[in-house]
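Data block below; observations after.
Here, residue 1 is the first one in the sequence, and each next residue gets the next number.
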Amino acid sequence: MKKKFNIILGLILLVTFISGCEDTKNYKVITCTRNTSLSDNKTTANLKYEIYYENDYVKRTISTEKITSSDKNILKEYESSYKELFSKYKDIKYYDNTITTSNNAITSITKIDYTKVDTDKILELEGENGNIYTKDGSVKLKTLLDLYKKYGSQCDD
């Protein structure tokens, strides 16, 4: 039970700063990554966050999180946790998540278009405390970079 709680908590933290959309060619991009082995020594997490921005504001994000494990039960737990977490966002336009599985990995790709997404709906789900949004619903690049770095990502800024 505690293990599942930790997985869900970790995923909730990750979702607060992930995602994007395809039309990114007009923006500058910063990539943040984190690769880690989990405590069971059978599982690795490779996380990649692409932040598309203009001036000081995030326009889109694309988050790719790949969990690789030789333990099928761990992969099932992650799949279940990802599905549970992202089911809350399924009706929010411009906030898209795709989960794919293979024999030894699960990959979650989340795309958020901050120029179009309904931030009020996101704040209803996540709450106002500790969120990444300014009062006008935008996201400052520095805020997002600081959050990624706080949780161990290396960014190419």
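- Salt bridge Lys142/Asp146: present, at least one basic N to carboxylate O contact under 4.0 Å.
- Applying the side chain to side chain contact (heavy atoms under 4.5 Å, CB included) rule to Asp118 yields the partners Asp120, Lys121; only residues at least two apart in sequence or on another chain are considered.
- Put simply, the side chain of Leu144 does not reach to within 4.5 Å of the side chain of Tyr49, judged on heavy atoms.
- In this structure, SG in Cys155 is found 5.5 Å from CD1 in Ile51, a value given to the nearest 0.5 Å.
- Side chains of Asn35 and Thr44: no donor on one and acceptor on the other come within 3.5 Å.
- Ring-plane geometry between Tyr82 and Tyr78 is classed as tilted, the angle between the planes lying from 30 to 60 degrees on a 0 to 90 degree scale.
- For the pair Phe86 and Tyr95, the minimum side-chain heavy-atom distance is below 4.5 Å.
- At a threshold of 4.5 Å between non-hydrogen side-chain atoms, the residues Lys72 and Asn103 count as touching.
- Separation of atoms SG (Cys32) and CD (Gln154) is listed at 9.0 Å; rounding is to 0.5 Å.
- Looking only at side-chain heavy atoms (C-beta outward), Tyr133 and Tyr114 come within less than 4.5 Å of each other.
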Point to revise | Test side chain to side chain donor-acceptor pair (under 3.5 Å) applied to Ser138 and Asp136, step by step | key: CA-CA 6 Å; Ser138 58; Asp136 68 358; 2.7 Å; yes
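- Partners of Lys116 under the salt bridge (Lys or Arg N to Asp or Glu O under 4.0 Å) rule, at least two apart in sequence or in another chain, do not exist in this structure.
- Rounded to the nearest 0.5 Å, atoms OG1 (Thr33) and CD (Glu50) are 11.0 Å apart.
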Check your understanding: Between Ser153 and Leu47, is a side chain to side chain contact (heavy atoms under 4.5 Å, CB included) present by the stated rule, with each step listed?
Key -> CA-CA 8 Å; Ser153 291; Leu47 313 173; 5.6 Å; no
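- Within 6.0 Å of atom CD in Glu54, more than 12 heavy atoms from other residues, nucleotides or ligands are found, so the atom counts as buried in its surroundings.
- When atom types are taken as modelled, the side chain of Asp56 and the backbone of Lys140 share no donor-acceptor pair closer than 3.5 angstrom.
- For Glu79, the salt bridge (Lys or Arg N to Asp or Glu O under 4.0 Å) criterion is met by Lys83, not counting sequence neighbours.
- There is no path of hydrophobic side-chain contacts, each under 4.5 Å, that joins Tyr57 to Tyr53.
- For the atom pair Lys66 NZ and Ile106 CD1, the distance stands at 11.5 Å (nearest 0.5 Å).
- Separation of atoms OG1 (Thr107) and CD1 (Ile67) is listed at 8.5 Å; rounding is to 0.5 Å.
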Check your understanding: Between Tyr52 and Ile62, is a side chain to side chain contact (heavy atoms under 4.5 Å, CB included) present by the stated rule, with each step listed?
Key -> CA-CA 8 Å; Tyr52 295 86; Ile62 300 174; 4.0 Å; yes
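- Side chains of Asn97 and Tyr89 form no contact here, defined as non-hydrogen atoms less than 4.5 Å apart.
- Under a 3.5 Å cut-off, the side chain of Ser81 and the backbone N or O of Glu77 do form a donor-acceptor pair.
- For Asn73 against Asp71, the heavy-atom pair with the smallest separation is N-OD1, 2.9 Å.
- Rounding to the nearest 0.5 Å gives a distance of 6.0 Å between CD1 of Ile109 and OG1 of Thr100.
- Applying the side chain to side chain contact (heavy atoms under 4.5 Å, CB included) test to Asn104 and every residue at least two apart in sequence or in another chain returns Thr68, Ser102.
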Exercise for review: Evaluate side chain to side chain contact (heavy atoms under 4.5 Å, CB included) for Asn131 paired with Thr119, printing each intermediate quantity in order.
Suggested key: CA-CA 11 Å; Asn131 73 71; Thr119 55; over 6 Å; no
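- Listed by chain and residue number, nothing satisfies the side chain to side chain contact (heavy atoms under 4.5 Å, CB included) test with Asn55 (two or more places apart in sequence, or in another chain).
- A heavy-atom distance below 4.5 Å is found between the side chains of Tyr27 and Thr115.
- Residues Leu125 and Ile92 are in side-chain contact: their nearest non-hydrogen atoms beyond the backbone lie under 4.5 Å apart.
- Annotation: side chain of Leu75 is not in contact with side chain of Thr101 (no heavy-atom distance under 4.5 Å).
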**Study point:** Worked check of side chain to side chain contact (heavy atoms under 4.5 Å, CB included) between Ile30 and Leu141
**Key:** CA-CA 10 Å; Ile30 293 175; Leu141 178 62; 4.1 Å; yes
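- Residues passing the side chain to side chain contact (heavy atoms under 4.5 Å, CB included) test with Asp91, sequence neighbours excluded: none.
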